[in-house]
Amino acid sequence: SSIEGVGGTPLGSRAMTGTVTSVALRRGAVALLATAATTSAVLLVAFISRRQALRRRKTSSKGGCRCDSGAGEDSSRCGCQAAAKLCRDDFPDGVNGADAPASDADGLELEDLAGEAAARPSRWGRGDVLRPLRRLVGAIVPDLQADARVQANNASGVDTLLPGRQRVFVKTFGCAHNSSDSEFMMGLLRDYGYDFADNLEDADACIVNSCTVKNPSQDTAVTLTRKARKAGKAVVLAGCVPSADASVGDDLEDVSLLGVTQLDRIVEVLEETLRGNSVRLLGQRKGLPTLELPKVRRNSFVEIIPISGGCLGNCAYCKTKHARGKLASYTEDAIVSRALLAASEGVTEVWLTSEDTGAYGLDIGSNIAKLLRRVADSLPVGVMLKLGMTNPPYMLAH
């Protein structure tokens, strides 16, 4: 301790000071824990006392007194009245230590309140459900014009915040495969409660199923998307355009994008779009959407069945390969099952479609000739079969 540190303070004194500080801190922590334990004990005793009082009240409410004065069936002897507040003999200082009287519903148990609950309104009104703050991680970006859209739809008498109550306009561009995708999406939306409009003006939301095989068809789809947004509609751009080039969404504010392999998620995408969010679901999945999805046929006598997606070619002039990807075929059993289901529902024409029907099955050990024989042999008499577009070399092989 005779050696001095900086500023002339002995080093031994510094060590002693640190020890004293450490002891003081430990004592303070012990005192704090003791105070917390005492407070918890007091609260526990108060809670148990209150529960016992409530039980006595519930038992005596069947006809006797609600306190322990021994009045029994004659509640007038202690001044306690039936259906009154808690007896002040149990809580001389009032609830929570205050002298203010408790409300009539204070302390009631669930069974006491069961018969007093007001009837629930027949339906939720606009404004009863608030816009959620949650976001789909990695999929949603903020919609800056959501509030304006909600106000506009509310003024027109539409419950924007309640999914399944809106009318949807579905516009399809492109091939028969796209038409089948639109029918599947409409089937899912119908089962969820949505109605469909014949034109954009009568709709609350718009789904544009786009085609990218040529520039004019893509430009038409994008133009309709902008028109719908300008009209204040919730818009989902689906199909080959966003699947082939996701950057198209950079110029389309407040528009959700849905890839061709994600069509079975149209309900949740439209729901989030109606809530004012912009969704991006463009990732390629390993498997194709199932053929067992519900469907709304544009022509009740025609069933369009996609037998595969994508192709084996790499044509320089075709952009569809970027949207649909490599060849992926459905099984023969799945296709035959869907054709028989359609025939049982009154369909008289079955269309087999794909980007290249001749390449069917080359990825799963089958081929188009085997599929045609199975489907033709399975369909009942009177149901016609139509085969869609193909590249000649695949057909010449048979």
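The residues of the chain are indexed from 1 along the displayed sequence.
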Is the number of heavy atoms from other residues, nucleotides or ligands within 6.0 Å of [atom1] ([X]) greater than 12?
{"X": "Glu292", "atom1": "CD", "value": "no"}
{"X": "Asn199", "atom1": "CG", "value": "yes"}
{"X": "Asn215", "atom1": "CG", "value": "no"}

Can a donor-acceptor pair be found, under 3.5 Å and without considering hydrogens, that links the side chain of [X] to the backbone of [Y]?
{"X": "Arg167", "Y": "Asp204", "answer": "no"}
{"X": "Ser217", "Y": "Cys211", "answer": "yes"}
{"X": "Ser256", "Y": "Val236", "answer": "no"}
{"X": "Asn299", "Y": "Phe301", "answer": "yes"}
{"X": "Ser180", "Y": "Ile304", "answer": "yes"}
{"X": "Ser366", "Y": "Gly361", "answer": "no"}

Using every non-hydrogen atom in the two residues, find where [X] and [Y] come nearest and quote the distance to one decimal.
{"X": "Val168", "Y": "Ala203", "value": "C-CB, 4.2 Å"}
{"X": "Asn209", "Y": "Gly239", "value": "OD1-CA, 3.1 Å"}
{"X": "Ala234", "Y": "Leu274", "value": "CB-CD2, 3.7 Å"}
{"X": "Val260", "Y": "Ala323", "value": "CG2-O, 3.5 Å"}
{"X": "Val269", "Y": "Thr273", "value": "O-OG1, 2.7 Å"}
{"X": "Glu271", "Y": "Tyr192", "value": "OE1-OH, 3.5 Å"}

Side chains of [X] and [Y]: closer than 4.5 Å at any heavy-atom pair?
{"X": "Thr212", "Y": "Asp245", "answer": "no"}
{"X": "Thr353", "Y": "Met389", "answer": "no"}
{"X": "Leu188", "Y": "Tyr194", "answer": "no"}
{"X": "Asp264", "Y": "Thr290", "answer": "no"}
{"X": "Val170", "Y": "Val208", "answer": "no"}
{"X": "Val375", "Y": "Ile335", "answer": "yes"}
{"X": "Pro242", "Y": "Ser210", "answer": "yes"}
{"X": "Lys227", "Y": "Val222", "answer": "no"}

Inset, instruction - Could I get the full list of salt bridge (charged side-chain N to carboxylate O under 4.0 Å, His left out) partners for Arg190, not counting sequence neighbours? - result: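 Listed in chain order: nothing, the list is empty.
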Inset, instruction - Decide side chain to side chain contact (heavy atoms under 4.5 Å, CB included) for Met186 and Lys295; before the verdict, give the C-alpha distance in whole Å, the side-chain angles of both, and the deciding distance to 0.1 Å. - result: CA-CA 6 Å; Met186 292 174 68; Lys295 181 179 269 194; over 6 Å; no
Please check if [X] and [Y] belong to a single hydrophobic cluster, counting links between Ile, Leu, Val, Met, Phe, Trp and Tyr side chain heavy atoms closer than 4.5 Å.
{"X": "Ile266", "Y": "Leu288", "value": "yes"}
{"X": "Trp351", "Y": "Tyr330", "value": "no"}
{"X": "Val241", "Y": "Leu282", "value": "yes"}
{"X": "Leu237", "Y": "Phe169", "value": "yes"}
{"X": "Leu200", "Y": "Val255", "value": "yes"}

Legend entry - Steps toward side chain to side chain contact (heavy atoms under 4.5 Å, CB included) verdict (Val383, Glu349): CA-CA 6 Å; Val383 178; Glu349 292 185 30; over 6 Å; no
Inset, instruction - For the pair Ile207 and Leu189, evaluate side chain to side chain contact (heavy atoms under 4.5 Å, CB included) and give the outcome as yes or no after the intermediate values. - result: CA-CA 11 Å; Ile207 298 175; Leu189 293 170; 3.5 Å; yes
Legend entry - Cation-pi, Phe173 ring and Lys171 (6.0 angstrom, 45 degrees): yes
Could you state the interatomic distance from [atom1] ([X]) to [atom2] ([Y]), rounded to the nearest 0.5 Å?
{"X": "Thr357", "Y": "His177", "atom1": "OG1", "atom2": "NE2", "answer": "12.0 Å"}
{"X": "Ser243", "Y": "Leu258", "atom1": "OG", "atom2": "CG", "answer": "7.5 Å"}
{"X": "Leu291", "Y": "Arg338", "atom1": "CG", "atom2": "CZ", "answer": "7.0 Å"}
{"X": "Cys311", "Y": "Asn391", "atom1": "SG", "atom2": "CG", "answer": "7.5 Å"}

Legend entry - Asn277-Glu272 side chain donor-acceptor pair, cut-off 3.5 Å: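 Side chains of Asn277 and Glu272: pair found under 3.5 Å.
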Legend entry - Side-chain H-bond candidate by donor/acceptor type, Thr172 with Ser179, under 3.5 Å: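 No, because no side-chain N or O of Thr172 sits under 3.5 Å from a partner of the opposite role on Ser179.
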Legend entry - Remaining members of hydrophobic cluster (4.5 Å side-chain criterion), Leu362: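 Listed partners: Leu312, Leu327, Tyr394.
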Inset, instruction - For side chain to side chain contact (heavy atoms under 4.5 Å, CB included), just list the numbers for Leu352 and Ile368, CA-CA rounded to whole Å, side-chain angles, deciding distance to a tenth of an Å, and then say yes or no. - result: CA-CA 10 Å; Leu352 301 183; Ile368 187 62; 5.5 Å; no
Legend entry - Qualifying salt bridge (charged side-chain N to carboxylate O under 4.0 Å, His left out) pairs with a residue from residues 355-366, counting only residues at least two apart or across chains: Arg324-Glu355
Inset, instruction - Return each pair, listed once, that meets salt bridge (charged side-chain N to carboxylate O under 4.0 Å, His left out) where at least one residue sits in residues 368-384; pairs must be two or more places apart or across chains. - result: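 Sorted pair list: Glu332-Arg374, Asp333-Arg374.
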Inset, instruction - Would you mind listing every side-chain hydrogen bond (donor to acceptor under 3.5 Å, both in side chains) that reaches into residues 304-320, with sequence neighbours excluded? - result: Ser308-Ser354, Asn314-Lys321
Legend entry - N-O pairing of Arg229 and Asp254 below 4.0 Å: yes
Inset, instruction - List for me each residue that meets side chain to side chain donor-acceptor pair (under 3.5 Å) alongside Arg297, sequence neighbours excluded, and say none if there are none. - result: Glu303, Glu345
